[in-house]
Protein chains: 2
Amino acid sequence: MNRDLVEGRTVAKNPKATIADVARLAGVSTATAGRVLGRYGYTKEETRSHVLEAARKLGYRTNALARSLITGKTRTIGVVAGDIQNPFYASILRGIADVVENREFGLLIINSDESLEKEIRAVDLLREKQVDGIIVSPCDTRDSRHLRDLHAEGLPLVLLDRTVAGLDVDRVAINNIDAAERAVAALIAAGHRRIGLVGELLEGAGDDLEAFVRRALSGNVLSTDTLYPSWQRLLGYLRAHQRAGLDVDLSLICRVGAYSAARAVAAALPLISRADRPTAVFATDGTMSEGVVRAIAQSALRMPEDLSIVCFDDLDWMDFVAPGISTMAQPRLAMGEAAATMLLERIDGSDHPARAIEMQAEFISRGSISTPGQTIGGQTRGKKP
Amino acid sequence: MNRDLVEGRTVAKNPKATIADVARLAGVSTATAGRVLGRYGYTKEETRSHVLEAARKLGYRTNALARSLITGKTRTIGVVAGDIQNPFYASILRGIADVVENREFGLLIINSDESLEKEIRAVDLLREKQVDGIIVSPCDTRDSRHLRDLHAEGLPLVLLDRTVAGLDVDRVAINNIDAAERAVAALIAAGHRRIGLVGELLEGAGDDLEAFVRRALSGNVLSTDTLYPSWQRLLGYLRAHQRAGLDVDLSLICRVGAYSAARAVAAALPLISRADRPTAVFATDGTMSEGVVRAIAQSALRMPEDLSIVCFDDLDWMDFVAPGISTMAQPRLAMGEAAATMLLERIDGSDHPARAIEMQAEFISRGSISTPGQTIGGQTRGKKP
DNA sequence: CTGAAAGCGCTTACAG
DNA sequence: CTGAAAGCGCTTACAG
């Protein structure tokens with residue numbers, strides 16, 4: 001408190017000046033000072049300017065904490081992302097930040113590293129800090145009491161990229177099955193018949209890849225909605241094969257088991273080094289894409305002459321890594337914007353039923369797909385010099 | 001308030017339960033309940049368990065707002081970064097997040113887009129939210145009243161990557177002059193004599209590139225500390241030339257004037273297309289590096305046969321874009337960690353004099369440097385097929 | 001339009 | 001070790 005302040009005299013700016021200090025200097029009640037400083041209620045213009053002048057003199061800054069304690073609103077949202085360093089999340093976060101900053105909201109960001117335990121702690125922390133709403137890319141599509149509770153208690157929640165079984169809340173994602181199918185169809189259209197897949201495919205979809213594929217092929221996959229994206233994209237891969245009347249070779253499906261480019265390299269290398277290697281590979285997301293391209297760079301294979309690829313997510317480097325990477329691009333920025341916009345609407349009080357926004361993925365055709373067995377530069381399946 | 005709660009009966013969990021509710025149910029005072037729930041002061045073990053039990057029954061969660069209002073600490077720090085989507089900032093942010101999450105602090109992130117106006121608003125917002133400290137990568141090395149005020153008022157502040165004139169606070173950065181000199185020296189050592197530079201070089205260093213270079217060459221650059229990184233790296237470029245007794249060709253220095261890969265492409269294309277083009281190019285940061293590599297990909301030049309390059313920052317793609325990009329790598333993650341660690345130390349009360357942590361940049365030699373005029377594959381300065 | 005009073009949900013001295 | 005009271009810095013009814 002600044003009890004040493006004297007009206008009428010020039011006083012040193014004090015960042016800790018409070019509404020009471022301003023009121024005293026302006027000769028009004030704290031209620032009135034609060035009204036002009038907090039921009040609520042009515043104030044006579046003259047009073048207003050006195051208060052403002054006093055606030056200026058004291059270097060008054062409002063303490064959002066005190067305000068929030070009363071209003072119950074913090075004008076801050078929280079987001080728990082897998083890894084802010086991953087371009088997928090970095091772009092989404094940027095989209096979120098853009099809409100949030102426009103509304104002068106704060107943005108609290110926490111990494112989950114795809115760990116349920118960390119996600120739960122993140123959500124806890126965000127709640128303690130009384131955020132007005134939360135955007136999460138849930139790392140577990142089933143075990144989600146923390147999210148269910150959130151929603152049950154009325155805290156606005158938006159799910160990004162992934163869905164949670166039985167949790168009917170706003171969400172934004174692309175149609176992963178369809179997008180993957182279109183990506184793989186591009187390969188098939190070019191004549192490929194043996195197409196590899198490199199995907200995270202973490203546990204969660206029944207754990208047994210072979211059984212999953214068998215079920216999928218016979219049209220028996222229940223609740224595709226709550227599958228992880230990589231499993232949904234596997235479904236798209238299978239569907240593209242079925243549509244084209246192609247058999248699926250299980251040994252061509254690489255289950256990396258982790259969100260790691262390095263692990264993807266390790267998984268892709270054997271696949272593309274086999275004698276009966278596929279003529280093309282589909283990578284199920286940006287991280288897997290980086291792994292596959294890295295594996296090819298480490299091998300002696302030429303792209304696309306020896307191996308065609310189609311990736312997922314349009315990363316910075318995909319248009320200048322020769323021969324240009326054909327890929328299924330998700331509108332990452334727009335996904336973040338959409339999620340934030342939905343969340344803010346909820347925070348503003350909208351109470352329509354939960355909506356699922358399906359964003360459009362766009363296939364970008366560049367140079368990484370060629371016809372298998374095609375002869376280029378005088379040799380087929382040749383080695384680099 | 002949950003006035004409808006009845007002691008002894010099973011009550012529905014209420015996320016809005018307050019310490020008063022818990023105290024009532026446990027039959028103790030709010031002071032006592034507060035002591036066990038807030039983990040401060042002493043409590044008899046028996047009392048403790050009663051309170052805990054009551055809290056559990058009610059689903060009590062502490063309201064950090066109320067606590068912060070009293071303690072004056074929010075256990076939240078703010079960081080204003082240029083663009084969280086940029087890999088440079090994304091990694092730094094990850095480093096910051098890692099140490100901050102360990103201490104269970106919150107992390108408020110805002111983009112400045114290198115605009116002073118946005119930076120000022122960001123800092124304002126963070127202060128309103130009463131963060132315990134701020135990390136900023138200031139977009140203006142001079143006009144910085146907002147940062148000066150912050151520091152004068154005792155709010156912990158750490159500067160990242162850039163320095164502000166006359167603001168003696170903790171900071172972390174690499175030695176940009178030295179790092180750039182080493183990078184360019186690698187080119188000179190390989191025999192290059194005409195080396196281009198592509199850098200942001202925004203206004204701020206006196207605005208006149210030619211005059212700056214002339215001054216630098218005659219050893220007259222005052223306060224190199226508060227230069228923007230790209231200007232410091234230009235200094236390193238010049239110094240490498242001087243050390244080698246090489247003349248500097250001003251026309252080889254490309255001033256992009258913006259933090260934009262697209263703008264860098266536009267600036268680099270004419271440079272590398274000239275008849276008397278340089279035999280090598282040095283890019284002053286990740287964004288410029290992407291621009292240069294992109295420009296080369298768009299040109300008919302082969303790398304490194306027709307043009308050698310050395311980049312700055314080790315981005316994901318640099319080790320798999322053929323022929324592998326030689327670059328000066330900043331320890332981005334560690335820079336973020338160091339900044340956060342310093343900030344938390346200050347928050348913990350440390351009051352030693354301001355420290356400047358100089359991180360080590362590491363040159364990574366890959367395939368993008370060759371000897372100029374070298375004959376590879378039977379032709380020199382040839383075109384791609 | 002303005003002020004006195006209460007209160008948001010906690011923590012902090014201060015007694016006991 | 002525990003409780004009654006005050007208070008953090010605001011906003012919110014409620015009078016006037």
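Each chain gets a letter, A, B and so on, in the order the sequences are listed, and its residues count up from 1.
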Atom CG of A:Asn63 and atom P of C:dC8: how far apart are they, to the nearest Å? 18 Å

Using only heavy-atom distances, determine whether the side chains of B:Ser144 and B:Arg148 contain a donor-acceptor pair under 3.5 Å. yes

Is there side-chain contact between B:Val51 and B:Thr43, with at least one heavy-atom pair below 4.5 Å? no

Against A:Asp170, only a single residue in A:His151, A:Arg355, A:Arg346 fulfils side chain to side chain donor-acceptor pair (under 3.5 Å); can you say which? A:Arg346

Would you mind telling me which of A:Val99, A:Ile96, A:Ile135, A:Val131 makes a side-chain contact (heavy atoms from CB on, under 4.5 Å) with A:Leu107? A:Ile96

Give a yes or no on whether B:Glu53 atom CD has more than 12 heavy-atom contacts from other residues, nucleotides or ligands under 6.0 Å away. yes

Using atom CG of A:Asp21 as one end and atom C1' of D:dC8 as the other, report the distance to the nearest whole Å. 13 Å

With B:Pro138 as reference, evaluate B:His146, B:Arg171, B:Glu119 under the side-chain contact (heavy atoms from CB on, under 4.5 Å) test and give the passing residue. B:Glu119

Stems involving DNA chain D, each a run of at least 3 consecutive Watson-Crick or G-U pairs under 3.5 Å: C:1-3 with D:14-16, C:5-12 with D:5-12, C:14-16 with D:1-3

Starting at OH of A:Tyr42 and ending at C1' of C:dG3, how long is that distance when rounded to a whole Å? 18 Å

In terms of side-chain geometry, is the basic nitrogen of B:Glu128 or A:Arg75 positioned less than 4.0 Å from the acidic oxygen of its partner? no

Could you tell me how far apart B:His50 (NE2) and D:dT2 (C1') are, to the nearest whole angstrom? 15 Å

Answer yes or no: does a side-chain N or O of A:Ser29 lie under 4.0 Å from OP1 or OP2 of C:dA4? no

Carboxylate-amine/guanidinium proximity below 4.0 Å for B:Arg61 and A:Asp149: no

Check the distance between D:dG9's C1' and A:Leu65's CG and give it to me in whole angstrom. 9 Å

What string of B, S and - do you get for nucleotides 11-16 of chain C 5' to 3' if you count protein non-hydrogen atoms under 4.0 Å? BBB---

CG of A:Leu69 versus C1' of C:dC8: gap in Å, rounded? 4 Å

The criterion is salt bridge (Lys or Arg N to Asp or Glu O under 4.0 Å); which residues satisfy it with B:Asp132, sequence neighbours excluded? none

Rounding to a whole Å, what distance do you find between A:Arg75:CZ and D:dC10:C1'? 16 Å

Shortest side-chain distance from A:Thr18, nucleotide among D:dT2, D:dC10, C:dC10: D:dC10

